[in-house]
Amino acid sequence: MNKVAVIGAGTMGNGIAHVFAQHGFYVQLVDVSQSALDKALATITRNLDRMVKKEKISESDKESTLSNITFSTDMKSAIADRELVVEAATENLQLKLDIFRNMDEYAPANCLLATNTSSISITKMASVTGRPEKVIGMHFMNPVPVMK
């Protein structure tokens, strides 16, 4: 498994994308807003620069991480070939249910669908898909690039 998508480019989403990309995964970071994606790229770059300055990674590692991330406002095409899709949107039940319906429709049948929710029932989200057995929770702590 090396193709991941993260839905939501906010604080958690960009951190999750950063960590996957830093560990060699090819990441599609998806948001409805281009400005959110631009902000996510700036945040990821700033965090990587901080890691280079602290000598935790090399400049080459930074460039490799950035090259592993692509940005999209088109969820349908962004997740069409993914093996794992992680939802990291705002903690709003209706929004998450809508996202899971779309993830189920657009992602390949063998794709795992994950959520980073901290308060909403994963079973509830899985219930709006045709593959509840492939829906999982993956909770990341903030700040994602710093936490183990």
Side-chain angles (χ1 to χ4, degrees), residues 1-48 51 56-57 60-148:
M1 177 182 298
N2 68 350
K3 292 180 180 178
V4 176
V6 179
I7 310 299
T11 300
M12 295 306 295
N14 77 60
I16 294 166
H18 169 160
V19 170
F20 271 115
Q22 190 174 337
H23 289 88
F25 292 85
Y26 299 106
V27 181
Q28 285 271 6
L29 182 56
V30 182
D31 201 286
V32 295
S33 162
Q34 184 60 52
S35 65
L37 294 170
D38 294 342
K39 184 177 177 184
L41 174 58
T43 299
I44 294 167
T45 301
R46 188 172 49 253
N47 289 338
L48 288 166
M51 295 174 82
K56 295 195 179 280
I57 64 170
S60 174
D61 293 333
K62 171 192 163 186
E63 295 306 319
S64 175
T65 298
L66 288 171
S67 74
N68 283 341
I69 307 172
T70 54
F71 300 84
S72 179
T73 58
D74 179 9
M75 184 192 309
K76 185 175 184 176
S77 66
I79 70 173
D81 68 345
R82 300 291 107 170
E83 298 159 302
L84 170 67
V85 179
V86 181
E87 171 275 319
T90 302
E91 290 292 291
N92 173 295
L93 176 62
Q94 193 55 53
L95 175 63
K96 288 182 181 288
L97 294 177
D98 290 344
I99 290 170
F100 264 83
R101 284 184 191 99
N102 288 332
M103 288 165 49
D104 186 48
E105 180 180 347
Y106 305 149
N110 64 331
C111 181
L112 291 174
L113 307 179
T115 180
N116 183 55
T117 189
S118 59
S119 62
I120 297 174
S121 166
I122 296 166
T123 303
K124 177 79 171 167
M125 286 185 270
S127 73
V128 300
T129 74
R131 57 179 112 184
E133 73 286 355
K134 291 191 179 287
V135 175
I136 62 172
M138 291 182 80
H139 188 70
F140 295 84
M141 300 297 289
N142 189 28
V144 180
V146 177
M147 302 302 287
K148 291 186 181 209

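Not measured: the values here are computed from a predicted model.
Among residue pairs with one or both ends in residues 76-97, those qualifying as salt bridge (Lys or Arg N to Asp or Glu O under 4.0 Å) are K3-D81, E87-K96, E91-K96; sequence neighbours excluded. Sorted by first and then second residue, the salt bridge (Lys or Arg N to Asp or Glu O under 4.0 Å) pairs with a member in residues 110-135 read D104-R131; sequence neighbours excluded.
For S67, the side chain to side chain donor-acceptor pair (under 3.5 Å) criterion is met by no residue, not counting sequence neighbours. Not counting sequence neighbours, Y106 has no partner by the ring-ring contact (aromatic ring centres under 6.0 Å, His included) test. With sequence neighbours excluded, no residue forms a salt bridge (charged side-chain N to carboxylate O under 4.0 Å, His left out) with D74. In terms of the salt bridge (charged side-chain N to carboxylate O under 4.0 Å, His left out) criterion, D61 has no residue partners (sequence neighbours excluded).
Between the side chain of S121 and the backbone N or O of T123, at least one donor-acceptor pair lies under 3.5 Å. A donor-acceptor pair under 3.5 Å is absent between the side-chain atoms of S64 and the main chain of S60, judged by distance alone.
The OG1 atom of T117 sits 4.5 Å away from atom CD1 of I120, with the distance rounded to the nearest 0.5 Å. If you take OG1 on T73 and CG on L29, they are separated by 11.5 Å, rounding to the nearest 0.5 Å. Note: I79 CD1 to L84 CG = 11.0 Å, rounded to the nearest 0.5 Å. Atom-to-atom distance recorded for D31:CG and F71:CZ is 11.0 Å, nearest 0.5 angstrom. One distance of note links NE2 of H23 with NE2 of H18; it measures 8.5 Å at 0.5 Å rounding. Note that CZ of R46 and NZ of K39 are 8.5 Å apart. Values are rounded to the nearest 0.5 Å.
Of the listed residues (V128, L113, T115), just one forms a side-chain contact (heavy atoms from CB on, under 4.5 Å) with M103, and that residue is L113. Paired with Q22 under the rule side-chain contact (heavy atoms from CB on, under 4.5 Å), one option of I69, I57, L66 passes, and it is I57.
Considering all non-hydrogen atoms of both residues, A9 and A40 come closest at O-CB, 3.5 Å. Minimum heavy-atom separation, A88 to V6: CB-CG1, 4.3 Å. When every heavy atom of A78 is checked against every heavy atom of Q28, the shortest pair comes out as O-CG, 3.4 Å.
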